[in-house]
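One structure is given below, encoded as structure tokens.
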Amino acid sequence: MKEKTLKDVHAGIREFYNRAVDFERKENWEFAISCMLEVTLRVPAFTEARQKLRSYEKQYTKTIKGIAPFLAQVKGYLALPKIKKLTASAPLDAIGECEKVLAFNLNNPLILQSLVDAAIKADAMNIAIEALQVMHDYQPDNVPILRKLASCYRSDGQAQEALKVFQYLASKNPKDKKIQSELREASAFATQQKAAWEKESLATRGKSVKDDALTIQLAEGTLRDADHARTLIKLYTKELAEKDSDEMRKKLAEAYIVTGDYDKAIENLEIVAGNLPAIDPTLDKQIERTYLAKYNLIVDELRKKAAADPAMEENLKEAENFLLEFRIERAERRSQAYPAEASLHFDLGAIYADAKRYEDAARELQEAAKSPQRRTQSLALMGRCAYEQCQYEETVRLCEEALSEMVRMDRHKFAVMYDRASAFVKLGRNDEALAAFQEIYRNNARFKDVAERIKALGGEA
């Protein structure tokens, strides 16, 4: 897995990264972890973000006391069956599940070992090595951990690092003949690797660079060229013919999505889903998005027809309702399958809000708000739902609570500020409304109709 840097990731990821750093300065480790966790879940190869996440988790782990470490261990035991299943079928997703548990307590040997296993299966040896290093920090005298670390270094081509581990073990255990023998073997291997590197040709190192680059773009969602996607389809189809693989089918489906062949994408994704013992929320969302991409083509055509022929309006409304019900059904199924997942409660709450089912939305968002990762955006959306229900005092309370946790002046914060200002107007608190709209205007004069709202309140934009 090719490592990424801050300049390699898109703006949304950089925003989460910068928010985490802001919370780091304030030593607010829980929110620093929640933001940096989002970064590492979305870009597992972003090594610097993972290193920062680990430093935050180490600081947070020092602070937890009482029953908290025990509860974190329980979370690990409960998550373990799902992690083991994903390790076999979708190891990158298993890595993400491990990271979610480690956010509560880094000193969790069971989950750290699971992270090592998933990383090795995903061919992400740098992640496995980093997890073993953390395990060594907490268990410095554990010889099996160090042996495993040396093995991973060796598999990753870092023979010199593997040698250093055995040199350390030998210094601590000078009379252990097995360790002394392993030290000699590691030394010989390091010498052989150095000689091999010197002979390796530049042409060999450059093999398949083009295909690898396309695969990386596809994984990041930055591949947009249909011709390039067709190149990958040929490559993946050939590899599948030689050996069936769920990971390869997922890549093939992603390439089909780029070419707009949604039926073939759905076919491959559903084969993968059928191979799993239980619903995988990430995979299920991908299947849903692919169906929606397919159906939206039909709805777009209906919109064009309805614009020319008002008699088609009813057909358009039925199609839009169908898509909304489809989204609700899928989101409900995911949330019921994993009732402890805050992100799934948030997704369902957001869709309920789209459907104007505001009480149902509030119920789901209250569950989602229990998680630091989803708290701020849940409060913001609950404020919007309260406004739609004419609960203006509640709108102000929820919006102000959300705003107290929003660091950056961006469109998300402007939207919450706008809802709060609109609630002030409904409550007759015009001075507060005017000040709130003017604050938005100072930072983004083109946001919605703030200029008109300021003038309506007798102010100057």
Side-chain angles (χ1 to χ4, degrees), residues 1-21 32-58 76 79-80 82-104 106 108 111-135 149 152-153 155-158 212-223 245-251 253-255 272 280-283 285-286 341 343 373:
M1 189 162 58
K2 185 178 178 181
E3 293 187 15
K4 303 290 180 191
T5 65
L6 188 60
K7 66 181 177 60
D8 297 322
V9 300
H10 64 72
I13 299 298
R14 287 198 294 273
E15 180 180 342
F16 272 109
Y17 180 93
N18 290 330
R19 288 181 68 184
V21 172
I33 288 170
S34 69
C35 292
M36 200 61 79
L37 179 61
E38 288 290 334
V39 177
T40 56
L41 290 178
R42 296 188 194 186
V43 190
F46 189 178
T47 303
E48 183 183 349
R50 186 176 297 279
Q51 290 170 345
K52 277 194 168 290
L53 175 63
R54 287 291 178 262
S55 70
Y56 301 161
E57 289 169 339
K58 285 177 183 177
L80 197 60
K82 179 181 177 182
I83 290 170
K84 286 184 175 179
K85 290 175 184 176
L86 287 173
T87 297
S89 59
L92 283 177
D93 293 339
I95 289 172
E97 293 303 315
C98 290
E99 295 293 0
K100 292 176 187 177
V101 178
L102 293 174
F104 293 97
L106 184 59
N108 191 328
I111 299 302
L112 284 167
Q113 183 57 59
S114 297
L115 177 57
V116 172
D117 295 340
I120 291 173
K121 186 70 185 295
D123 195 24
M125 203 58 66
N126 60 318
I127 294 177
I129 288 169
E130 185 267 344
L132 285 162
Q133 289 169 337
V134 173
M135 293 175 74
L149 177 58
C152 286
Y153 274 136
S155 297
D156 196 42
Q158 299 185 55
D212 288 346
L214 294 178
T215 300
I216 291 165
Q217 289 179 45
L218 184 68
E220 293 176 345
T222 57
L223 182 65
S245 159
D246 285 348
E247 283 298 313
M248 190 56 63
R249 285 196 180 277
K250 283 161 62 173
K251 290 179 181 178
E254 288 163 1
V272 176
D280 176 349
T282 302
L283 178 61
K285 285 182 184 180
Q286 189 175 11
E341 286 287 341
S343 62
Q373 291 95 331

What pair of heavy atoms forms the shortest contact from Ala79 to Val101, and how long is it?
-> CB-CG2, 3.7 Å

What's the spacing between Thr87 OG1 and Leu92 CG if we round to 0.5 Å?
-> 10.5 Å

Any pair counted as side chain to side chain donor-acceptor pair (under 3.5 Å), so long as it reaches residues 112-122, sequence neighbours left out | Gln113-Asp117

May I ask you to decide if Lys52's main-chain N or O and Ser55's side chain share a donor-acceptor pair within less than 3.5 Å?
-> yes

Nearest 0.5 Å please: distance from the NZ atom of Lys58 over to the CD1 atom of Ile33.
-> 12.5 Å

Under 4.5 Å between any side-chain heavy atoms of Glu247 and Pro91, yes or no?
-> yes

State, yes or no, whether a side-chain contact exists between Ile111 and Glu97 at a heavy-atom distance under 4.5 Å.
-> no

Flag the pair Met36 / Tyr17 as yes when at least one side-chain heavy-atom distance between them is below 4.5 Å, and no otherwise.
-> yes

Side-chain touch Leu53/Val39, heavy atoms, less than 4.5 angstrom | no

Calculate, to the nearest 0.5 Å, the distance between atoms OG and NZ belonging to Ser343 and Lys285 respectively.
-> 4.5 Å

Asn18 side chain vs Arg14 backbone, donor-acceptor pair below 3.5 Å | yes

Decide, yes or no, whether a salt bridge links Lys250 with Asp280 under the criterion of side-chain N to carboxylate O below 4.0 Å.
-> no

Find the distance between NZ (Lys82) and CD (Glu341) and round it off to the nearest 0.5 Å.
-> 4.5 Å

Inter-residue atom distance Leu37.CG - Arg42.CZ, 0.5 Å rounding = 10.5 Å

Taking atom CD1 of Ile127 and atom CG of Leu132, what is their separation to the nearest 0.5 Å?
-> 12.0 Å

Check the pair Leu41 / Lys100 against side-chain contact (heavy atoms from CB on, under 4.5 Å), numbers first and verdict last.
-> CA-CA 9 Å; Leu41 290 178; Lys100 292 176 187 177; 4.0 Å; yes

SB check Arg50 Glu130 (cutoff 4.0 Å) | no

Side chain to side chain, Gln158 and Ile129, heavy atoms closer than 4.5 Å = yes

